[in-house]
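Structure record follows, encoded as structure tokens.
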Amino acid sequence: MTTDLLATSADTWRDRSVDPPVVPDELRPPGHGSPRERNRALWQRHELRRQRAEDVYAASRNPVRGWPVSGNRAVLAFFGDLIRSRRGSFALMVALNALAAGAALVVPRLLGSLVNRVQAQGAAVEGLDAIALAVVGVVVLQSLLTFGARRTSTHFGQDLLASAREYVVDTILRLPVGRVEGASTGDLVTRVTRDVGTMARSVQWGVPRLLISLMTVLLSVVAMMLNSVVLALPALLVFALCTPAVRTYLRRAPKAYITEGATYSRINTTLTETVEGARTVEALHLSGARVRAGSDDIEVSAQAERYGTTLRNVLFAALNAAFQLPQVVTLVVGAYGYSRGWVDLGQITAAMLYVVALSEPLDAVIGEVDRLQVGAASTSRLLGIAEVPPDREPGDRLPDGVELTATDLRFAYREGHDVLHGVDLHLAVGERLAVVGPSGSGKSTLGRLLAGINRPRTGTARVGGVDLVDLPLEVLRVEVALVTQEHHVFIGSVRDNIVLAREDSTVDDVREALRAVGSLAWVERLPDGLDTLIGSGRFALTPAQAQQVALARLIIADPHTLVLDEATSLIDPRTARTLEGSMNNLLEGRTVVAIAHRLHTAHDADRIAVVIDGRIVELGSHDELLALDGEYADLWHAWTS
């Protein structure tokens, strides 16, 4: 059930120093007690951590506000689709690895034959040169096949990784903007950083290596059976003793790793919020509370890590026993079988070599399964993003005109709590409308609906007779564009950043756009002009320069209607005035809805809409509203006094 955030908002600021610890005392090791008591307490803590992981996993299936997590079937289907689309390279990789593994299994049989020949012929043994040459030949062949197999596996893994990354990027870019803003930023950042990296390592190395190791294990078992069933079965039965531990691990590990990922998201969320709200934290003396919140997050994460570590320790303890005992069992059974005449020394030699050699690929299988469990957990978190339903289904109608109209707009971020109440607007082509009002009155929400970002709960926002949210995004963004105080500089050249709006734009188009926003002069003074690399780690632009690049990008896009949501409010007043001057050419001839933070912007508008509590209470020119001596007049006098 969705929590009423308004009803619980006061809880955000209460004193938490008297709260119970985020990690209960039952999860802390006892400071004293006998070894038996401490061991029993260890397993009690492990069981409690398991229950906490189960709860986190269950909550991730259908989160109220956060990002969902996909199930195992979705992960298997995702990797299956990636592999099926590369059947040729996959088949070649399997074939080469099978041949390489098969060549490696020939050597023990040759050495077993050598032992039998020496036993039969004594010191005067013949044919050693032929056997030695055969061994050398097999080793050389195996080396060549292994080289080809590794090369093919690397290419296969890299190709798989590229497609997986493209899928993730494409999925993220399709996310509804409203859902991105409403969910946890830290969770999304964790998924597209840590989880992408973890998935990348699994796809690039884990999948090929697991296939190679499994193939080697299967071929080794076949070779052992062909060598001697008497010697093979006891060893294989001992290897099978680790099956319960492996099954338990495979059943519980995904939930452990998803829980770990959730705690990393929680850490990132707290850290991001603290950094972004640093001034508020300092002003309200909340430093201690934020540090405690970060420490609590780390402590919760440590408990999740301990659960996963215990699962791995139990698994590896069982595996170590299972890998060591077969050698002893094979030797004992071999000695008994030799005394009974069931096997010869060559078979015993080959069996021992196979058992020793089998431990490595089996260990690799378990290691890669562990790697893939971590990768599968990260992949399920990434695929969960794709399960977010779209907020619109584009139609096939195109606008018949450029007039923007709004009728009976109502919108609620939370069910039953409208923030807009029946707003009606009709904008003439080329008109400049300023939207003013106190903070929280619904100005930005109105701007988002007029830009087609959100679908109204009731009513319509249309351009040329077509609902904005029914337009394909590529059509919508050349009809109406939202300009906010947030801007982004992408890694690339100045020209690359500008032509993102229309990739077929010429250099002359770019220069003209820069000239229109008054930035061509400083761009030409850059080290490489339009080809100067900017963005993270490259040439650093000032906030005003970065905003001018964003405005030039808008000119290239050439929308007929602009919604300006306090586009210069985060910039100092002097720079803001410069930028507002740069925007004049951008606004020329376009319909403009300006959500005004500074009222001098409203003064220059054709009409002004005063929004109070989600309603337009006044609408008219600056002079008309001053003469009305109502809400706008009060705002203006407060601004100019």
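Since the structure is predicted, the reported quantities are computational estimates derived from the model, not experimental observations.
Lys443 places no side-chain N or O within 3.5 Å of a backbone atom of Val610 that could act as its donor or acceptor partner. Under a 3.5 Å cut-off, the side chain of Glu276 and the backbone N or O of Glu273 do not form any donor-acceptor pair. Listed for the Ser441 side chain is a donor-acceptor partner under 3.5 Å among the backbone atoms of Val611. At least one donor-acceptor pair under 3.5 Å links the side chain of Arg502 to the backbone N or O of Ile556. Using modelled atom types, no side-chain atom of Thr270 and backbone atom of Ile267 make a donor-acceptor pair closer than 3.5 Å. In this structure, Thr379 contributes its side chain and Val75 its backbone to no donor-acceptor pair below 3.5 Å. Without hydrogens or angle criteria, Glu631 side chain to Ile612 main chain gives no donor-acceptor distance under 3.5 Å. For Glu166 (side chain) and Ser163 (main-chain N/O), no donor-acceptor pair under 3.5 Å exists by modelled atom type.
Under the 4.5 Å side-chain criterion, counting only non-hydrogen atoms from C-beta, Leu425 is in contact with Leu450. Taking the side chain as every heavy atom from C-beta outward, Leu562 and Val593 never approach each other to under 4.5 Å. Within the 4.5 Å cutoff, the side chain of Leu554 has heavy atoms near those of the Val483 side chain. Taking 4.5 Å as the limit, every side-chain heavy atom of Leu383 sits out of range of all side-chain heavy atoms of Ser380. Counting heavy atoms from C-beta on, the side chains of Leu468 and Leu404 come closer than 4.5 Å.
To the nearest 0.5 Å, the span separating OG on Ser265 from CZ on Arg381 amounts to 3.5 Å. Note: Arg553 CZ to Leu514 CG = 11.0 Å, rounded to the nearest 0.5 Å. Distance OG1/Thr506 to CD/Glu512: 10.0 Å, rounded to 0.5 Å. Between the CG atom of Leu520 and the CZ atom of Arg525 there is a distance of 10.0 Å, given to the nearest 0.5 Å. For the atom pair CG (Leu533) and CG (Asp528), the distance works out to 7.5 Å, reported to the nearest 0.5 Å. With rounding to the nearest 0.5 Å, the separation of OG1 in Thr532 from CZ in Phe539 is 7.0 Å.
Screening residues 457-470 for salt bridge (Lys or Arg N to Asp or Glu O under 4.0 Å) gives Asp418-Arg457, Arg455-Asp470, Arg462-Asp467 as the qualifying pairs, with residues at least two apart or on separate chains.
Of the N and O atoms on the side chains of Ser301 and Thr263, at least one donor lies less than 3.5 Å from an acceptor on the other residue.
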Asn454 vs Phe411, side-chain contact (heavy atoms from CB on, under 4.5 Å): CA-CA, chis, key distance, verdict
CA-CA 9 Å; Asn454 295 103; Phe411 185 80; 3.7 Å; yes
Should Ser444 and Asp565 be marked as a side chain to side chain donor-acceptor pair (under 3.5 Å) after you check the CA-CA gap, both sets of side-chain angles, and the distance that decides it?
CA-CA 6 Å; Ser444 293; Asp565 187 359; 3.2 Å; yes
The test is side-chain contact (heavy atoms from CB on, under 4.5 Å); show your working for Val436 and Ile608 and say whether it passes.
CA-CA 7 Å; Val436 302; Ile608 301 167; 3.8 Å; yes
Applying side chain to side chain donor-acceptor pair (under 3.5 Å), run through Tyr257 and Ser378 and close with a yes or a no.
CA-CA 8 Å; Tyr257 291 132; Ser378 292; over 6 Å; no
Report the C-alpha distance between Arg607 and Ser621 in whole Å, list the side-chain angles of each, state the deciding distance to 0.1 Å, and finish with yes or no for side chain to side chain donor-acceptor pair (under 3.5 Å).
CA-CA 4 Å; Arg607 285 193 299 167; Ser621 68; over 6 Å; no
Walk me through whether Arg590 and Asp558 qualify under salt bridge (Lys or Arg N to Asp or Glu O under 4.0 Å).
CA-CA 9 Å; Arg590 306 177 199 273; Asp558 196 27; 2.9 Å; yes
Quick one, Ile616 with Asp424, criterion side-chain contact (heavy atoms from CB on, under 4.5 Å). Give me CA distance, side-chain angles, the key distance, then yes/no.
CA-CA 8 Å; Ile616 295 180; Asp424 296 309; over 6 Å; no
For residues 491-500, run the donor-acceptor check on the side chains, cut-off 3.5 Å, and write out each pair with its distance to 0.1 Å, sequence neighbours left out.
| residue | atom | partner | partner atom | Å |
| --- | --- | --- | --- | --- |
| Ser493 | OG | Asp496 | N | 3.0 |
| Ser493 | OG | Asp496 | OD1 | 3.4 |
| Ser493 | OG | Asp496 | OD2 | 3.0 |
| Arg495 | NH2 | Ser505 | O | 3.1 |
| Asp496 | OD2 | Ser493 | N | 3.3 |
| Asn497 | OD1 | Phe490 | N | 2.7 |
| Asn497 | ND2 | Phe490 | O | 2.9 |
| Asn497 | ND2 | Ser493 | O | 3.0 |

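The local environment of CG in Asp613 is sparse, with at most 12 non-hydrogen atoms from other residues, nucleotides or ligands closer than 6.0 Å. In Asp396, the CG atom is not crowded: 12 or fewer heavy atoms of neighbouring residues, nucleotides or ligands sit closer than 6.0 Å. More than 12 heavy atoms of other residues, nucleotides or ligands sit less than 6.0 Å from atom CG of Asp170.
Residues Arg266 and Asp297 are paired through a salt bridge, judged by an N-O separation under 4.0 Å between the basic side chain and the carboxylate. Of the charged side-chain nitrogens involved, none lies within less than 4.0 Å of a carboxylate oxygen, so that Arg511 and Asp509 do not count as a salt-bridged pair.
Taking the six-membered ring where the residue is Trp, His622 and Tyr632 present perpendicular rings, their angle passing 60° and hence far from 30°.
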